[in-house]
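Within every chain, numbering begins at 1; the chains are lettered A, B, ... in the order of the sequence lines, protein sequences first and strands thereafter. These numbers come from a predicted model, not from an experiment.
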There are 2 protein chains.
Amino acid sequence: MKMSTTTTRMNKSDLKLIAVLERTGGFASAQELHQILRREGDGIGLTTVYRALQSLVDDKIVDLLRREDGEAIYRLCGDNHHHHLVCKSCGDTVEIEGGAIEKWAKTMAEEFGFREVGHTAEIFGICSKC
Amino acid sequence: MKMSTTTTRMNKSDLKLIAVLERTGGFASAQELHQILRREGDGIGLTTVYRALQSLVDDKIVDLLRREDGEAIYRLCGDNHHHHLVCKSCGDTVEIEGGAIEKWAKTMAEEFGFREVGHTAEIFGICSKC
DNA sequence: GTGGAAATGATAATCATTTCCATTTTTGTG
DNA sequence: CACAAAAATGGAAATGATTATCATTTCCAC
């Protein structure tokens, strides 16, 4: 009998990206992640970085959100669904619980007969330090 | 004595954009707004559309947010704040109230000492027709 | 009308992201 | 090991939104 081959596929590039994201901690754009890897001597291509990030997002291993200028930024996410409170000025981010949102989304969707419901919600403002 | 010349500057293009945004009601990207104006026979240039939108955003007459793909979308800001329930399949959109969200966003932001707070929240799923 | 400032819009430049495609690496199998 | 098929890779070109340039036009005060 074979070992399960249907667990999440994870190739070298995916692992590299995860490693960098773990190390850096916060959010980073694809370009930044690419530069970091290059600086460390890894010859990984930009294309591969984008590909890896996309597959990690698909597998819900990485969170994708947007800077104010629209650039995509990525971060490792825990397995618990959460939302973000983002500082418009310094980019600092706080993970917050969204119990109220979950309920709201569910209620609204049901009311209008929607199925397979998901939602996004972000709060942004200026943090106390800025 | 002169009339106040220091009130918000508002040129023809600005007014055109405001008019379209009023008429369409929801969100629209710069490109879409440009197309609408063109379709209506207005020869306005894309550059001018971007310029006008930017100045309206600066003057806090228009809100800027982002689609999921990062494209900038604009809407008149004011007290008609609402959220959307979007069908992933047919794109149909329902405007909904977000009372719970407003409260949630406010509470969370205060808890972490954020100022000048805004938020985005969208629900997506598959509508009853699809 | 005249001159200068503001507005306009076509075109080119920029920048993140995707697409293409040829090449390399990995993997499964005998 | 050898070999073929599949997956991964990365460079270059394409895309698409947004911004910068710059020559021309419109506005207005005098």
query: For DNA chain D, which nucleotides open and close the run of contacts to chain B, 5' to 3', at under 4.0 angstrom from a non-hydrogen atom?
result: D:dA17 to D:dC27

- request: For DNA chain D, determine which residues of residues 11-20 of chain A have any heavy atom closer than 4.0 angstrom to one of its atoms, and list them numerically.
  value: A:Asn11, A:Ser13

- request: Within residues 29-45 of chain B, find the residues that approach DNA chain D with a heavy atom at under 4.0 Å, and present them sorted by residue number.
  value: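 Heavy-atom cutoff 4.0 Å gives B:Gln31.
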
Would you mind writing out the side-chain donor-acceptor pairs for residues 19-26 of chain B within the sub-3.5 Å range, not counting sequence neighbours?
from: B:Arg23; atom 1: NH1; to: B:Glu40; atom 2: OE2; distance (Å): 2.7
from: B:Thr24; atom 1: OG1; to: B:Val20; atom 2: O; distance (Å): 3.1
from: B:Thr24; atom 1: OG1; to: B:Leu21; atom 2: O; distance (Å): 3.4

[X]: side-chain contact (heavy atoms from CB on, under 4.5 Å) partners, not counting sequence neighbours:
| X | value |
| --- | --- |
| B:Gln54 | B:Asp58 |
| B:Ser13 | B:Asn11, B:Ile44, B:Thr48, B:Ala52 |
| A:Leu15 | A:Met10 |
| B:Glu71 | B:Ser29, B:Gln31, B:Arg67, B:Asp69 |

query: Quick one: ring-ring contact (aromatic ring centres under 6.0 Å, His included) pairs with a partner in residues 11-42 of chain B, sequence neighbours left out?
result: B:Phe27-B:His84

Qualifying ring-ring contact (aromatic ring centres under 6.0 Å, His included) pairs with a residue from residues 42-63 of chain A, counting only residues at least two apart or across chains: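 Those involving residues 42-63 of chain A do not exist here.
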
message: Give me the atom names and distance for the closest heavy-atom approach of B:Leu85 to A:Ala109.
response: CD2-CA, 4.3 Å

statement: B:Tyr50 OH to C:dA10 C1', in whole Å, measures 15 Å

query: With sequence neighbours left out, what residues match A:Arg75 under salt bridge (charged side-chain N to carboxylate O under 4.0 Å, His left out)?
result: A:Glu95

task: Side-chain contact test, heavy atoms from C-beta onward, threshold under 4.5 Å: evaluate it for A:Ile123 versus A:Ile96 and give yes or no.
output: yes

